[in-house]
Structures are given as C-alpha cells and as structure tokens.
J.: 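The structure follows.
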Amino acid sequence: MGLTTKMLDLHISLNKTSVNKLLAIFPHPDDESFCTAGLFQLAQKNDIKTTLICLTKGERGTNSLGVGNLKKIRTKELELAAEVLGIDELLNWDFPDLNLKDTKKIWSEKLKRKIDKLNPDIIVTFDHSGITGHPDHIVVSTEVLHILKEMKKPPSLLWRIPDEQEKAFFRENSSLIFASKPTHILKYGFSETLNKIKAIYTHASQMKSFRFKIQILEWFLFDHKELYCKVDLNKKYTHKFVLKKQRLII
Ligand SMILES: [Zn+2]
C-alpha cells in the first residue's frame, strides 16, 4: 500500500518516550478487545499502567445466550476480557447504551473529571468514523477530542484507525467517512493475537452466530497489527453521523 512505510512503529515510540499511564475510553464492552487488545498487552509488557473506561454496560447489544440480564452478563464479560488483556484498572460506567449522543452533557463532565484526576500520558479511543459508524463510537471520539482541546496540558491522543480490511467490511454497511490517516502501526506476536481472540470470545453474549466466531478468526488470526493516528489537537477533523440504529453491527 505504500502507507505502511510512512508509519512509525508504535511499540518503539512507546519505549522511547516516558509513558507511564495509558487511558482507553470506549463506549461498549467488547470495543476494547476488538480495537486495542494488542495495545493493552504491549503496554503491560512495557510496564505502562492501563485504565479502561467503558461508558456503558452495553444493554442494547444482542443477547445470543437468550437468557439473563444483559447488563449483568456484559459487566462480567468485560471483567473477564480485562483480565485476559492485563488491564490494570477497569471502570465500567452505566450511561445509556445507544444513547450517548443525547446524554453527552452528563457523561462528559464525569469523564473530564476522571481524566484530570488520572492525568494519563496517552489517551486512546476511536477515530471519528468510529470504525463501524456506531453513533456512540463517534460521539465518544468527538467528545474526547473536545475535552482535550480545552485542557492546558492535554495528554497525547491516539485514535484507533480502521485498516483496509475493516474499512472494506464496514463501508459495505454504510457511507462511512474514513478521514484520518494512520501515523503509527502496532505489530504484535502470535501469543498476543491468541489473547486478543480469547478476549473477544469472552464477550460470549455478542457472538451472534458460529459464522461470526469464524469471521473473527478470519479477521484477526493472521493479522497481527493495529493502526493508530496520533491526533494533532490543533487540527480540525471532520465527522458525520451516518448509521441508523437498526443497522449497527458492533
Ligand atoms: Zn461499540
């Protein structure tokens, strides 16, 4: 693609700089495993303390188990995934799933206070496409950027950027705008890949079908990388809410 040659190695960048704390912010249980499983694991290897804020309990997701309280089920699944990925601190809040856009004012204040208190060196979240186009993903991305722009001493902001495979898959479902370009590539080994798949599979309630589980293997088993963009806080990034709720996938 030519793009790869221009990207910096994120693992090397993390080693070079004095990064002590990494904060990942995502809206749903399972976003962390699908998107940044490699990053959490390599952060742990580099003795970087990791915190995950998950804004909802994912109660509007599917329940392929067919029984039980989805909030409780997904809370437990997220705890297990956090263990698999070696996440040091897990904060699973309870803001309304599929409704973060309309409740932004409420959760944004709490998020801002937590960022101030934690004082991380790096924050990671979705890019403005949300990869899948989920409105919760997009609003978390735009709001985190907004919060950081207001800070006197903001941490570095990394966006998880979709790769060509992810773009192709999710573009089929919508007219998503993939505006930001990757600046960093994170490569990891086979053991991290197996752990990533294990973490995704802990979200058993979201495994809609056997076919979907196979799809996950096809996506990740031989693709040992995650793409990131280091955000320029002075730059203007575009976004658009495109997906209708019933068409959401992840
Ligand atoms: Zn999600």
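In listed order, ligands and their atoms are each counted from 1. Predicted model, so just to flag it, every value in this text is computed and none were measured.
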J.: Specify which N/O/S atom of H28 comes nearest to the Zn ion (ligand 1), by atom name.
T.: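 Sorting the N, O and S atoms of H28 by distance to the Zn ion (ligand 1) puts ND1 first.
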
J.: Please give the atom name: the N, O or S atom of D31 nearest to the Zn ion (ligand 1).
T.: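 Nearest N/O/S atom of D31: OD1.
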
J.: Does the shortest distance from the Zn ion (ligand 1) to an N/O/S atom of H134 fall below 2.8 Å?
T.: no

J.: Using only atom types and a distance under 3.5 Å, with no angle test, would you say the side chain of T132 pairs donor to acceptor with the backbone of H134?
T.: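 Yes, T132 side chain to H134 backbone: donor-acceptor pair under 3.5 Å.
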
J.: Just checking K225: does its NZ atom have more than 12 heavy atoms from other residues, nucleotides or ligands closer to it than 6.0 angstrom?
T.: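 Check passes, neighbour count above 12.
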
J.: Identify which one of K114, R113, K112 satisfies the side-chain contact (heavy atoms from CB on, under 4.5 Å) criterion when paired with K110.
T.: R113

J.: Is there a donor-acceptor pair under 3.5 Å between the side chain of D88 and the backbone N or O of T50?
T.: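 Yes; at least one donor-acceptor contact below 3.5 Å.
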
